[in-house]
Visitor: 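Let me give you the structure first, and then I'll get to my questions.
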Amino acid sequence: MAVSLWVVRSIGAPSTDIAVSELTHASAEVSEVVFFLLGAMTIVEIVDAHQGFRLVTDNITTRKPKTLL
């Protein structure tokens with residue numbers, strides 16, 4: 001769907017240079033977010049693999065799960 005939307009957008013663009021510029025800008029923004037999330041998820045998985053969150057989870061005590069939220 002995204003490819004078809006970019007094709008329609010490119011057809012309506014005044015020139016190919018403008019379409020390429022817009023596509024480059026949009027893909028750069030998406031790439032920044034994806035690379036940030038991949039790095040953050042990797043760090044969280046490493047901490048979790050070494051039981052870094054155990055201190056927090058061991059100290060959570062409640063009888064009502066709704067109060068935890």
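Since this is a predicted model, take the numbers as computed values, not measurements.
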Visitor: Any heavy-atom pair between the side chains of S21 and I18 that's under 4.5 Å?
Guide: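 No - every pair of side-chain heavy atoms lies 4.5 Å or more apart.
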Visitor: What distance do E45 atom CD and M41 atom CE have between them, rounded to the nearest 0.5 Å?
Guide: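 The distance works out to 7.0 Å.
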Visitor: As an exercise, state the distance from CG of L38 to CD1 of I43, rounded to the nearest 0.5 Å.
Guide: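 It comes to 11.5 Å.
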Visitor: How long is the span from the CZ atom in R54 to the CG atom in N59, to the nearest 0.5 Å?
Guide: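 With rounding to 0.5 Å, CZ (R54) is 11.5 Å from CG (N59).
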Visitor: What distance do Q51 atom CD and T57 atom OG1 have between them, rounded to the nearest 0.5 Å?
Guide: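 Reported value, rounded in 0.5 Å steps: 9.0 Å.
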Visitor: Any sub-3.5 Å donor-acceptor pair from D48's side-chain atoms to V44's backbone N or O?
Guide: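 No, D48 side chain to V44 backbone: no donor-acceptor pair under 3.5 Å.
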Visitor: Under 4.5 Å between side-chain heavy atoms, hopping through other hydrophobics if needed: is there a path connecting V33 to F36?
Guide: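 Same hydrophobic cluster.
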Visitor: Report yes or no: does S27 contribute a side-chain atom to a donor-acceptor pair with the main-chain N or O of L23 at less than 3.5 Å?
Guide: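 Yes: the side chain of S27 pairs with the backbone of L23.
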